[in-house]
Trainee: 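Dropping a structure here in structure tokens format, bear with me for questions.
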Amino acid sequence: HDVPQWYVDSCFKIQYMFPKAHAAAYMIAALRLSWYKVYYPLEYYAAYFTVRSEDFDGATAIKGRSAVYNKMKEIDMKIKNKEASAKEEAEYATFQIINEMLARGVELLPVDIYKSDSSKFVVEDGKIRLPFSSLSGVGDAAAVNLMTAKETGGEYISIDDLQARAKISSAVVDALKNTGALASLPESSQTTFF
């Protein structure tokens, strides 16, 4: 059939992979992922971090590439000295992807008590909005409560109101304060006349 000998030889070299369908499936998945990564980077990174957000540090990522790089250096020193925990090693891998994303010009929007989702990274105005769960100290239950409270109750009048409606702990409130998500809210619902 006029098939060149080099082609037949190369087929024999990789025959161990076939007829295993998973090899073809992995290749197709890799091509599909790389296509989205190149042509739709916002959607790619939003989907990637939505699925793999357990080691995402939103407080560091929102500070920019230099903060991410410094955190990577800090963890890398621990890895080299064999002092890093498994969690820190997983965070390092996530920081590598965050660094790549920021280097490509993809920008992040901070957690917003009215716009953020509980766990989804959402594309908004050509940037990616961080979810509540991207903050350290905000667990899944608290993130869902924050999402439910914003959808059912309208605007918050104070941090106390937010805490009561969302049924969140003071540790979650502190995590939101540290990232500036509560900067527009007064501390208490009470007003003073003097």
Side-chain angles (χ1 to χ4, degrees), residues 42-68 70-72 74-75 78 84-99 101-102 106-194:
L42 283 170
E43 291 79 1
Y44 171 82
Y45 289 114
Y48 180 88
F49 287 124
T50 295
V51 173
R52 298 174 186 236
S53 64
E54 62 272 355
D55 299 312
F56 194 94
D57 180 359
T60 302
I62 201 67
K63 292 177 185 172
R65 195 163 171 218
S66 61
V68 170
N70 289 337
K71 189 72 170 180
M72 286 174 63
E74 178 185 314
I75 295 172
K78 288 183 177 182
S85 66
K87 180 169 176 42
E88 288 173 321
E89 289 182 15
E91 283 178 339
Y92 185 80
T94 302
F95 278 125
Q96 286 179 313
I97 304 297
I98 295 169
N99 186 45
M101 175 186 68
L102 296 173
V106 175
E107 295 180 44
L108 296 171
L109 294 169
V111 169
D112 185 290
I113 56 174
Y114 299 111
K115 297 179 181 177
S116 289
D117 190 84
S118 60
S119 60
K120 290 181 185 174
F121 289 72
V122 179
V123 176
E124 178 185 319
D125 298 328
K127 299 174 183 175
I128 299 174
R129 173 76 63 192
L130 296 179
F132 294 120
S133 63
S134 69
L135 300 178
S136 179
V138 180
D140 292 336
V144 169
N145 287 348
L146 283 163
M147 181 85 173
T148 304
K150 78 171 183 161
E151 290 174 347
T152 58
E155 289 196 23
Y156 302 108
I157 56 173
S158 68
I159 294 174
D160 290 342
D161 179 39
L162 166 77
Q163 190 170 8
R165 282 176 32 198
K167 299 176 185 88
I168 54 175
S169 68
S170 56
V172 173
V173 171
D174 289 341
L176 291 168
K177 278 183 187 176
N178 291 339
T179 59
L182 304 179
S184 64
L185 292 177
E187 190 72 36
S188 174
S189 301
Q190 297 180 5
T191 58
T192 58
F193 293 107
F194 305 105

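Note: hydrogens, waters and symmetry copies are ignored here, and every other heavy atom, side chains too, is used. Keep in mind the model is a prediction, meaning the values are calculated, not measured.
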Trainee: Could you tell me whether the side chain of Arg129 and the main chain of Pro110 form a donor-acceptor pair under 3.5 Å?
Mentor: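 A pair under 3.5 Å: yes.
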Trainee: For the residue pair Thr179 and Ala59, what are the closest heavy atoms and their distance?
Mentor: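 Scanning both residues, the minimum pair turns out to be CG2-CB, 4.1 Å.
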Trainee: For Glu107, enumerate each residue passing the salt bridge (Lys or Arg N to Asp or Glu O under 4.0 Å) test, keeping only those at least two apart in sequence or located in another chain.
Mentor: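 Testing Glu107 for salt bridge (Lys or Arg N to Asp or Glu O under 4.0 Å), a comparison that skips the adjacent residues, returns Lys127.
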Trainee: Val172 and Phe132: side-chain contact (heavy atoms from CB on, under 4.5 Å), yes or no, with the steps?
Mentor: CA-CA 10 Å; Val172 173; Phe132 294 120; over 6 Å; no
Trainee: Give me each pair satisfying side chain to side chain donor-acceptor pair (under 3.5 Å) with a member in residues 162-175, each pair once, sequence neighbours excluded.
Mentor: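 Output for this query lists Asp161-Arg165.
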Trainee: Got a second to check how far Met101's CE is from Leu108's CG, nearest 0.5 Å?
Mentor: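 That separation rounds to 4.0 Å.
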Trainee: Do the side chain of Ser158 and the main chain of Pro186 share a donor and acceptor less than 3.5 angstrom apart?
Mentor: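 No; judged by distance alone, with no hydrogens or angles, the pair does not exist.
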Trainee: Going by the rule side-chain contact (heavy atoms from CB on, under 4.5 Å), which residues pair with Glu88 if we only count those two or more places apart in sequence or in a different chain?
Mentor: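 Expected list: Ile75, Lys78, Ala84, Ser85, Glu91.
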Trainee: Would you please name every residue forming a salt bridge (Lys or Arg N to Asp or Glu O under 4.0 Å) with Glu43, sequence neighbours left out?
Mentor: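 Per chain and number, Glu43 pairs via salt bridge (Lys or Arg N to Asp or Glu O under 4.0 Å) with no residue.
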Trainee: What are the two closest heavy atoms between Tyr45 and Val106, and how far apart are they?
Mentor: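 Nearest heavy atoms, Tyr45 then Val106: CD1-CG2, 4.2 Å.
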Trainee: Only counting residues at least two apart or in another chain, list the ones meeting side-chain contact (heavy atoms from CB on, under 4.5 Å) with Lys150.
Mentor: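 In terms of side-chain contact (heavy atoms from CB on, under 4.5 Å), with neighbours along the sequence ignored, Lys150 is linked to Met147, Tyr156.
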Trainee: Got a second to check how far Tyr92's OH is from Asp55's CG, nearest 0.5 Å?
Mentor: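 Reported value, rounded in 0.5 Å steps: 14.5 Å.
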Trainee: Distance-only, no hydrogens or angles: does the Ser116 side chain make a donor-acceptor pair with backbone N or O of Ile113 under 3.5 Å?
Mentor: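 The answer is no, because no donor-acceptor pair under 3.5 Å joins these two groups.
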Trainee: Which heavy atom in Leu162 sits nearest to a heavy atom in Leu182, and how many Å separate them?
Mentor: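 Where Leu162 meets Leu182 most closely, the heavy atoms are CD2-CD2, 3.5 Å.
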Trainee: Could you check whether the rings of Phe49 and Phe121 sit parallel, tilted or perpendicular, using 30° and 60° as the cut-offs?
Mentor: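 Answer is tilted, since the angle falls between 30° and 60°.
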Trainee: Among pairs that include at least one residue of residues 56-67, which meet side chain to side chain donor-acceptor pair (under 3.5 Å), considering only residues two or more places apart or in two chains?
Mentor: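 Side chain to side chain donor-acceptor pair (under 3.5 Å) check on residues 56-67 returns Asp57-Thr60, Arg65-Asn99.
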Trainee: Does Val111 reach the side chain of Val138, with side-chain heavy atoms less than 4.5 Å apart?
Mentor: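 Sidechains of Val138 and Val111: no contact.
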Trainee: Considering residues, nucleotides and ligands other than Lys120, do more than 12 of their heavy atoms fall under 6.0 Å from its NZ?
Mentor: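 For Lys120, atom NZ is not crowded (no more than 12 foreign heavy atoms under 6.0 Å).
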Trainee: Looking only at heavy atoms, what is the nearest atom pair of Glu124 and Leu109, with distance?
Mentor: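 Answer, listing the atom of Glu124 first, then Leu109: O-CD1, 3.6 Å.
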Trainee: Could you measure the distance from the CG atom of Leu176 to the CG atom of Leu135? Nearest 0.5 Å is fine.
Mentor: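 These two atoms lie 6.0 Å from each other.
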Trainee: Just wondering, are more than 12 heavy atoms of other shown residues or ligands nearer than 6.0 Å to CG in Asp140?
Mentor: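 Open: at most 12 neighbouring heavy atoms sit under 6.0 Å from CG of Asp140.
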Trainee: Taking all non-hydrogen atoms of both residues into account, name the closest pair between Ser136 and Ala175 and its distance.
Mentor: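 So the minimum-distance heavy-atom pair works out to O-CB, 3.6 Å.
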Trainee: Show the numbers, then the answer: is there a side-chain contact (heavy atoms from CB on, under 4.5 Å) between Arg52 and Ile97?
Mentor: CA-CA 11 Å; Arg52 298 174 186 236; Ile97 304 297; over 6 Å; no
Trainee: Using every non-hydrogen atom in the two residues, find where Ser133 and Ser119 come nearest and quote the distance to one decimal.
Mentor: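 Looks like OG-CA, 3.4 Å.
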